[in-house]
Q: 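Have a look at this one.
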Amino acid sequence: MVNFETVVFYVFAAILLGSALRVITARNPVHAALYLVLAFFTAAAIWLLLRAEFLAITLVLVYVGAVMVLFLFVVMMLDINLERMREGFWRTLPLGLAVGILMAFEMAVVLYDRWQGLARAPKVPAADYSNTKELGRLIYTEYAYAFELAAVILLVAIIAAIALTLRRRKDSRSQDPSEQVKARRADRVRLVSMPADKDG
Amino acid sequence: MNGNDILPALPEIVLLAGACALMITDLFVKDERRAVSFALAQSVLLACAAATTFVLWGTGGRLVYTFHGLFVADVLSHVLKLAAYVSVAAALVYSRRYLLDRGLLKGEFLTLLLFSLLGMMVMMSANSFLSLYLGLELLSLCLYAMVALNRDSAQSVEAAMKYFVLGALASGLLLYGMSMIYGATGTLTITEVAKQVALLSRDSTQHTFLVFGLVFLVAGLAFKLGVVPFHMWIPDVYQGAPTAVTLVIGTAPKLAAFAMAIRLLVNGLLDLAADWQQMLAILAVLSMAIGNLAAIAQTNLKRMLAYSTIAHMGFMLLGLLSGVVGGNWLNAADAYAASMFYVVTYVAMSLGAFGMLLLLSSKGFECEQLEDLKGLNRRSPWTAFIMLVLMFSLAGVPPTAGFYAKLSVLSAVVNAGQVWLAVVAVVFSLIGAFYYLRIVKLMYFDEPKDITPVAGDTEFRVLLSANGMALLVFGILPQPLMTLCFVAIKSL
């Protein structure tokens with residue numbers, strides 16, 4: 001039985017896989033980043049089909065709106081030598097493709113005509129059901145432990161990023177406002193008494 | 001949720017609070033007074049040990065689930081946590097001088113080390129795919145950063161990059177496997193998964209998906225354990241990381257990886273044992289073969305110990321795969337306890353071996369080539385003797401703990417009727433003994449390059465001696481530790 005939703009799902013899934021593939025094969029990093037935006041967007045659309053509208057909107061806002069735009073800025077500012085980066089790519093491509101196709105084939109053989117048993121459409125929720133509220137309730141009750149752990153992981157990411165990138169360079173010129181405010185006349189100006197010049 | 005629900009997680013809470021306190025305190029500590037942060041880190045570990053003992057005493061070793069089934073406190077988790085505290089505390093003592101000499105003894109190292117321990121503890125107490133995965137990521141992120149901590153060394157940065165990329169790939173495999181199992185059982189809680197799996201018939205659709213997910217799960221697990229063919233990162237990371245960080249990677253995380261294997265395979269998917277035991281057998285044989293053979297060809301000590309890790313983890317898997325024979329798990333507790341004994345003694349040996357490299361390194365000199373050990377006996381007979389005990393234990397020579405560990409795993413394998421596996425294991429252990437004994441030969445029969453006596457702080461040398469002696473004691477009197485492992489496995 002093929003209904004409209006299934007058709008829409010397959011269209012989105014095809015776009016998602018196609019754009020994900022282009023992310024890793026596109027020659028130009030800017031194009032790759034844009035394909036990634038498309039992939040995120042289609043994933044958000046699939047989540048909408050599953051009636052997870054809060055997650056879908058978050059994905060678009062956070063990843064597409066913020067992360068990817070930043071990413072594009074960085075990619076555009078970097079001076080990347082594309083040919084050097086791709087030297088190994090074409091040499092290893094045949095092997096990678098062969099392994100990939102073989103794996104996909106094996107997975108298809110294992111799962112062929114078995115998937116029907118698992119395909120269940122999500123239940124249609126009541127009209128006053130709020131996805132956002134439910135997520136909030138679950139995060140702060142059942143998954144409080146996992147939520148806290150995710151917070152710790154973010155903290156570790158901050159520590160690691162600072163530890164790996166912060167360097168006190170001797171040649172950098174920075175201002176220290178508190179030092180500037182604390183400065184007194186006596187520290188900066190020295191009165192020197194000199195004998196008057198007779199010939200002047 | 002009331003106080004009793006949170007109490008089993010007291011050690012984690014203490015550690016998290018302590019690590020945050022250390023991070024803040026360290027900001028105000030000047031470089032020359034770093035001993036304050038160091039002492040604080042040690043006292044946090046001590047507080048954690050007290051908290052774990054308190055929880056163990058409070059629950060009486062009963063199985064306690066809390067946080068809506070995301071967290072489990074049982075004897076296994078308590079024992080492994082205590083072992084991890086000891087290992088991390090020893091790692092701190094061993095690496096202090098080394099890090100100080102290289103300007104790496106900063107608050108970042110201590111904080112990341114404590115957070116990585118938190119990740120391990122979360123894994124040891126995980127009763128859900130979610131908490132297991134979050135613990136794993138917490139641990140891995142800290143380790144990636146610690147490998148790269150010495151930013152001026154291109155080798156370290158390269159090792160960190162490889163570790164990061166391959167680790168992310170393995171996490172992806174693991175998650176994919178978990179999602180498949182979630183699809184088949186409809187739950188992430190490991191105990192619930194076990195119930196669902198027991199209900200499924202072998203030829204249902206869900207069963208196909210389970211086995212399909214299991215393959216990816218085992219692949220992810222194999223990567224984290226570092227067994228062939230998912231071992232490629234180990235030699236590069238062990239060699240590239242600063243030796244103090246290699247010491248950390250090579251010790252306590254192995255306990256966490258063991259806990260992860262037990263939680264996923266034994267707690268969750270014991271009914272699929274027939275399927276995963278075959279996979280583990282392949283991993284074990286390949287690891288013992290490639291680990292031992294490749295170690296012979298190494299001239300770099302850290303790289304050699306890396307291949308030796310691969311071989312040892314392969315050996316450890318032998319115990320895990322001989323638990324269930326033909327749907328009957330009478331033998332299981334013995335086999336898993338043997339594996340646990342093996343992994344605990346391996347951590348002790350690995351601590352000692354890398355600790356020795358740290359002791360012999362000095363400011364501006366890295367002890368990492370085989371010839372750096374030449375004639376160690378002439379320089380310091382006692383140090384050479386400790387190294388001898390460590391090498392004998394790694395090789396599995398009686399009367400060291402390494403011998404008893406190998407013996408108990410082998411007897412579990414033979415009890416499971418897998419005699420050919422036992423034969424293969426013994427053959428590769430014999431091959432492996434060559435490169436451990438080569439070190440003994442270098443220390444005792446070769447002329448030293450320089451004859452300066454071995455320096456080192458007193459507490460370092462005392463702890464290293466205690467470490468070596470412990471291996472002898474556990475080799476001669478293995479029963480207490482073995483009983484502890486057995487009780488821990490029985491508590492599942």
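Every chain is numbered from 1 and lettered A, B, ... according to where its sequence line falls, protein lines coming before strand lines.
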Q: How far does SG of Cys20(B) sit from CD1 of Ile159(A), to the nearest 0.5 angstrom?
A: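 With rounding to 0.5 Å, SG (Cys20(B)) is 7.5 Å from CD1 (Ile159(A)).
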Q: Where do Ala163(A) and Arg151(B) come nearest, in terms of heavy atoms and distance?
A: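 Looking at all heavy atoms of both residues, the closest pair is O-NH1, 3.6 Å.
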Q: Is the OH atom of Tyr129(A) crowded by more than 12 outside heavy atoms at less than 6.0 Å?
A: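 Count over threshold, so yes.
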Q: Quick check on Tyr35(A): does its OH atom have over 12 non-hydrogen neighbours (other residues, nucleotides or ligands) under 6.0 Å away?
A: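 No, the 6.0 Å shell around OH holds no more than 12 heavy atoms from other groups.
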Q: Search all heavy atoms of Ala146(A) against all heavy atoms of Leu134(B) and return the closest pair with its distance.
A: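 Heavy atoms only, the tightest pair is O-CD1, 3.4 Å.
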Q: Does any heavy atom of chain B fall under 4.5 Å from the side chain of Leu164(A), the backbone, both, or neither of them?
A: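 For Leu164(A), backbone and side chain are both near chain B.
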Q: Rounded to the nearest 0.5 Å, how far apart are CG of Leu149(A) and CG of Leu130(B)?
A: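 Rounded to the nearest 0.5 Å, the CG-CG separation comes to 8.5 Å.
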Q: Which bit of Met146(B) comes within less than 4.5 Å of chain A, counting heavy atoms only: side chain, backbone, both or neither?
A: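 Met146(B) has no heavy atom closer than 4.5 Å to chain A.
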Q: With a sphere of 6.0 Å drawn around CE of Met161(B), does it hold more than 12 non-hydrogen atoms of other residues, nucleotides or ligands?
A: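 Result for CE/Met161(B): open.
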Q: Would you mind checking which part of Leu112(B) comes under 4.5 Å of any heavy atom in chain A, side chain (CB onward), backbone (N, CA, C, O), both or neither?
A: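 Contact with chain A: side chain only.
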Q: If you round to the nearest 0.5 Å, how far is CD of Glu148(A) from CG of Leu70(B)?
A: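 Here the interatomic distance stands at 12.0 Å.
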Q: With side chains defined as the heavy atoms from C-beta onward, is the minimum distance between Thr66(B) and Tyr145(A) less than 4.5 Å?
A: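 Counting from C-beta outward, Thr66(B) and Tyr145(A) never come under 4.5 Å.
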Q: Tell me if the OH atom of Tyr143(A) is crowded by more than 12 foreign heavy atoms within 6.0 Å.
A: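 Counting neighbours around OH of Tyr143(A), 12 or fewer heavy atoms of other residues, nucleotides or ligands fall under 6.0 Å, so no.
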Q: State the CG-CG distance between Leu141(B) and Leu155(A), to the nearest 0.5 angstrom.
A: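 Result: 11.5 Å between the selected atoms.
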Q: Return yes when atom CZ of Phe40(A) has more than 12 non-hydrogen atoms of other residues, nucleotides or ligands closer than 6.0 Å, and no otherwise.
A: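 Yes.
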Q: Determine whether more than 12 heavy atoms belonging to other residues, nucleotides or ligands lie under 6.0 Å from atom OH of Tyr163(B).
A: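 Result for OH/Tyr163(B): enclosed.
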